[in-house]
Amino acid sequence: MSSLPDLSDAVTAAQNLLGWKLVHETEDGRTAGYIVEAEAYSQEEPSSHTYRGKTKRNQVMFEHAGLVYVYFTYGMHYCVNIVTGEEGHGQAVLLRALEPVDGIELMMRRRQKTDVRKLTNGPANLVQAMGITMSNYSDDVLDSQGLYLEPGIKPEKIIKTTRIGIRVGVDLPWRFYIADNQFVSKLAKNRNL
DNA sequence: CTATTGATTGAT
DNA sequence: TCAATCAATAGG
């Protein structure tokens with residue numbers, strides 16, 4: 001695996017990021033996990049937050065690849081994305097699930113769960129376990145500090161399928177996850193292509 | 001201005 | 001199947 005992920009466009013990056021290790025160092029300690037499930041979003045298609053142009057919420061998605069897009073949704077949840085593509089093109093990869101590697105005790109404390117499989121199995125769950133907040137908005141994951149990426153494992157088999165939780169653009173096969181990985185979010189295992 | 005919806009989760 | 005709960009957006 002090369003030392004930098006391919007973030008040239010969202011769909012490529014969603015596959016390429018699988019197996020990379022996401023690390024977050026905070027005052028409470030270090031947490032890290034392998035990315036096992038990810039989805040691509042881009043301004044050309046209606047399910048993307050950038051479909052209707054730049055707003056205060058999504059503006060970082062139009063900046064350069066490697067920056068972090070955190071958003072608040074459903075009145076109670078945060079989700080995290082890695083920006084991809086050229087500057088000015090609103091696209092990113094939503095991280096949907098991790099396989100916990102480091103700081104599992106800390107993740108359990110943050111999540112109030114002891115079942116390792118329920119720590120990071122979903123976009124809002126992994127944000128909570130990793131201690132990611134809006135203060136991580138526009139962090140650079142290619143800088144080795146704070147929230148960043150490290151080379152991890154090479155996925156044996158990647159499953160390509162349709163995205164979760166959206167009402168438009170449901171036909172696009174823009175979701176990718178590592179086959180037979182027990183940390184992939186439950187919904188993701190239901191539909192296959 | 002008000003009303004509705006959503007890249008979710010966890011409980012029923 | 002539904003509630004929790006708020007930012008963005010559509011509509012008047």
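Each chain gets a letter, A, B and so on, in the order its sequence line appears, and its residues count up from 1.
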Establish, from distance only, whether the side-chain atoms of A:Arg111 and A:Gln128 form a donor-acceptor pair under 3.5 Å.
yes
Heavy-atom count around A:Arg117 CZ within 6.0 Å, excluding the residue itself: above 12?
no
Checking contacts here: which listed nucleotide (C:dA8, C:dC6, B:dT9) is nearest the side-chain heavy atoms of A:Phe72?
C:dC6
Identify whether any heavy atom of A:Leu94 sits under 4.0 Å from a base atom; if not, whether one sits that close to sugar-phosphate; answer base, sugar-phosphate or nothing.
base
Determine: side-chain N/O of A:His49 to OP1/OP2 of B:dA7, distance under 4.0 Å, yes or no.
yes
Quick check for you: among B:dT8, B:dA7, C:dA8, whose closest atom lies nearest to any side-chain atom of A:Arg57?
C:dA8
Taking only the side-chain nitrogens and oxygens of A:Arg111, find out if one of them lies under 4.0 Å from OP1 or OP2 of B:dG10.
yes
Can you give the dot-bracket line for DNA chain B, where a pair is Watson-Crick or G-U wobble with both atom distances under 3.5 Å, crossing pairs use [ ], and | marks a partner on another strand?
||||||.||||.
Under-4.0 Å side-chain N/O to phosphate OP1/OP2 contact, A:Asn125 with B:dG10:
yes
side-chain N/O A:Arg96 vs B:dT8 OP1/OP2, d < 4.0 Å:
yes
Of the candidates B:dT9, B:dG6, B:dA11, the side chain of A:His77 sits closest to B:dT9
Considering only residues two or more places apart or on different chains, which pairs with a residue in residues 136-175 of chain A satisfy ring-ring contact (aromatic ring centres under 6.0 Å, His included)?
none
Examine the base of C:dA4 for any acceptor or donor lying under 3.5 Å from a partner atom in the side chain of A:Tyr74, and report the outcome as yes or no.
no
Just to confirm, is there a sub-4.0 Å distance from OP1 or OP2 of C:dA10 to any side-chain nitrogen or oxygen of A:Arg52?
yes
Measure from the side-chain N and O atoms of A:Arg96 to the backbone N and O of A:Glu39, and report whether any donor-acceptor pair falls under 3.5 Å.
no
Checking all strands, does A:Thr55 fall into the base, sugar-phosphate, or nothing category for heavy-atom contacts under 4.0 angstrom?
sugar-phosphate
